[in-house]
2 protein chains.
Amino acid sequence: MALEHAILVSLLEKPGSGYELARRFERSIGYFWTATHQQIYRVLKRMENDGWVAAREVPQQGRPDKKEYSVADLGHAALSSWLHEPIEPESVRHDLAVKIRGAAFDDPAGLVREVERHRRAHTDRLAHYLAGEERDFPPAPGGPPDAERELQHVVLRGGIAYERMMIAWLDDVLATLRRF
Amino acid sequence: MALEHAILVSLLEKPGSGYELARRFERSIGYFWTATHQQIYRVLKRMENDGWVAAREVPQQGRPDKKEYSVADLGHAALSSWLHEPIEPESVRHDLAVKIRGAAFDDPAGLVREVERHRRAHTDRLAHYLAGEERDFPPAPGGPPDAERELQHVVLRGGIAYERMMIAWLDDVLATLRRF
DNA sequence: CCTTGCTATGCAACCAGTTGCATAGCAGGA
DNA sequence: TCCTGCTATGCAACTGGTTGCATAGCAAGG
């Protein structure tokens, strides 16, 4: 399980409320880990009980108050020990691949629209990533290397490489489907 | 949920027992969908109750008897209707990306060995895929196009593209980590 | 004969993640 | 004033997946 650890990393990058975390999980963190707000609130509560994070009531004007969480020493230690233990290379779940192989027993050409839809989703995501890269990681070499920035950037480059690979592969899939 | 559908596809490609399915999920199907034997047996039982698959006792010599499953009409229909309904582009879960961003707050250089381990796992898988491709999909253009074969092949090409992308990205990650 | 190891099937408990719903503060527009 | 919509937090029920364990047939080797 890594949701706890994903939350710790996100809170180390910047403290925030459950709501804010949920929004981050829709964008930057969400590139490689998804979570709904319900799940985040539940886990956050458990982490608070375990002393991994500390909450602070923050009154706001113009909107409801929020509970801002930040990482406590125990949380930092928990993250550190997780970082030092090996994890299994992740197991994959590609519904679309199941569909593609299944299409052989149904209607290969009928899958074209679905694959095109996925292709569009991936080009959109790629455009989104590239815009984020241009915005947050301009090419100007600004001073000394910053680990946090550089590592965020390399993860984003991974997302970009993934989307490019997927688009190329989906083109391959479309060409194959259209032969039937 | 697509485990049921992955099983249907696998059984359409070739009928088999729960045990055999579990083995396939360790190799070809496992490239894009993982499942343990416990899960497969449980789902298979439900599918049998729902009339999606039919079981047949097959006595064997030299080893215990097995129950061979094959797809029933209801199962074929269920697969077909699933193929025709749109699915969400899958959400990602990359523990390693969490670790990489987390390393900024711990010990970037200490992650090198872990990333190298993952890189090795991906080169192994790539070699395995390429060997499978050479074995099962020789370049000889043997007659008329066969949808089942071609679609299996394009899914395998997706696995190959994925592994190549990952290896290149992990090299990028290693170069980045080594700067700290 | 006994152990090891592979084939083959399965139960039970648990845990992570999803879905549906509920509540409440506050702003802005119809 | 009422409705819509965004911020903000949360509970409850369910489902899919994981982990641990159990059983049994049969072969091969020590």
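In what follows, every chain begins at residue 1, and chains take the letters A, B, ... in the order their sequences are listed. From a predicted model like this one, the values you see are computed outputs, not experimental measurements.
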Starting at atom [atom1] of [X], determine the distance to atom [atom2] of [N], rounded to an integer number of angstrom.
| X | N | atom1 | atom2 | result |
| --- | --- | --- | --- | --- |
| A/Gln39 | D/dA8 | CD | P | 20 Å |
| A/Leu3 | C/dC15 | CG | P | 16 Å |
| A/Gln38 | D/dA8 | CD | P | 16 Å |
| B/Glu90 | C/dT18 | CD | P | 14 Å |
| B/Lys45 | C/dT9 | NZ | C1' | 8 Å |
| B/Met47 | D/dG16 | CE | C1' | 15 Å |
| A/Tyr41 | C/dT18 | OH | C1' | 17 Å |
| A/Arg42 | C/dT19 | CZ | C1' | 11 Å |

A/Glu20/A/Arg63 ion pair, N-O < 4.0 Å: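 Not counted as a salt bridge, because no side-chain N and carboxylate O are separated by less than 4.0 Å.
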What's the closest nucleotide to the side chain of A/Tyr19 if the choices are C/dC21, D/dC6, D/dG17?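 Closest nucleotide among those given: D/dC6.
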Closest to side chain of A/Thr36, choosing from C/dA16, C/dT18, D/dT19: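 Given the options C/dA16, C/dT18, D/dT19, the side chain of A/Thr36 is closest to C/dT18.
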Check the surroundings of atom [atom1] in [X]: do more than 12 heavy atoms from other residues, nucleotides or ligands lie under 6.0 Å from it?
| X | atom1 | answer |
| --- | --- | --- |
| A/Arg179 | CZ | yes |
| A/Asn49 | CG | yes |
| A/Glu134 | CD | no |

Any N or O donor-acceptor pair under 3.5 Å from the base of C/dG17 to the side chain of B/Arg93?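 Flag unset: no donor-acceptor pair detected.
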Could you run down nucleotides 22-30 of chain C 5' to 3' and tag each one B, S or - for protein heavy-atom contact under 4.0 Å? ---BSS---
If you apply the rule side-chain contact (heavy atoms from CB on, under 4.5 Å), what do you find for B/Leu151 with A/Val173, and how did you get there? CA-CA 8 Å; B/Leu151 293 174; A/Val173 172; 5.9 Å; no
Applying the salt bridge (charged side-chain N to carboxylate O under 4.0 Å, His left out) test to B/Glu163, which of B/Arg120, B/Arg119, B/Arg125 qualifies?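 That would be B/Arg125; it is the only one of B/Arg120, B/Arg119, B/Arg125 passing the salt bridge (charged side-chain N to carboxylate O under 4.0 Å, His left out) with B/Glu163.
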Which one of B/Val98, B/Leu96, B/Ile100 satisfies the side chain to side chain contact (heavy atoms under 4.5 Å, CB included) criterion with A/Val155?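 Looking at B/Val98, B/Leu96, B/Ile100, the match for A/Val155 under the side chain to side chain contact (heavy atoms under 4.5 Å, CB included) is B/Ile100.
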With rounding to the nearest 0.5 angstrom, report the OG to CG distance, A/Ser17 to A/Asp65.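 Taking OG in A/Ser17 and CG in A/Asp65, the distance rounds to 11.5 Å.
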Compute the bend angle of the helix from C/dC1-D/dG30 to C/dA30-D/dT1 from the end axes (five pairs per end), rounded to 10°.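 For the helix from C/dC1-D/dG30 to C/dA30-D/dT1, the axes at either end differ by 0°.
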Heavy atoms under 4.0 Å, any strand shown: does A/Thr34 hit a base, just sugar-phosphate, or nothing?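 No contact.
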Test log, rule side chain to side chain donor-acceptor pair (under 3.5 Å), inputs B/Asp95 and A/His5: CA-CA 9 Å; B/Asp95 299 67; A/His5 304 109; over 6 Å; no
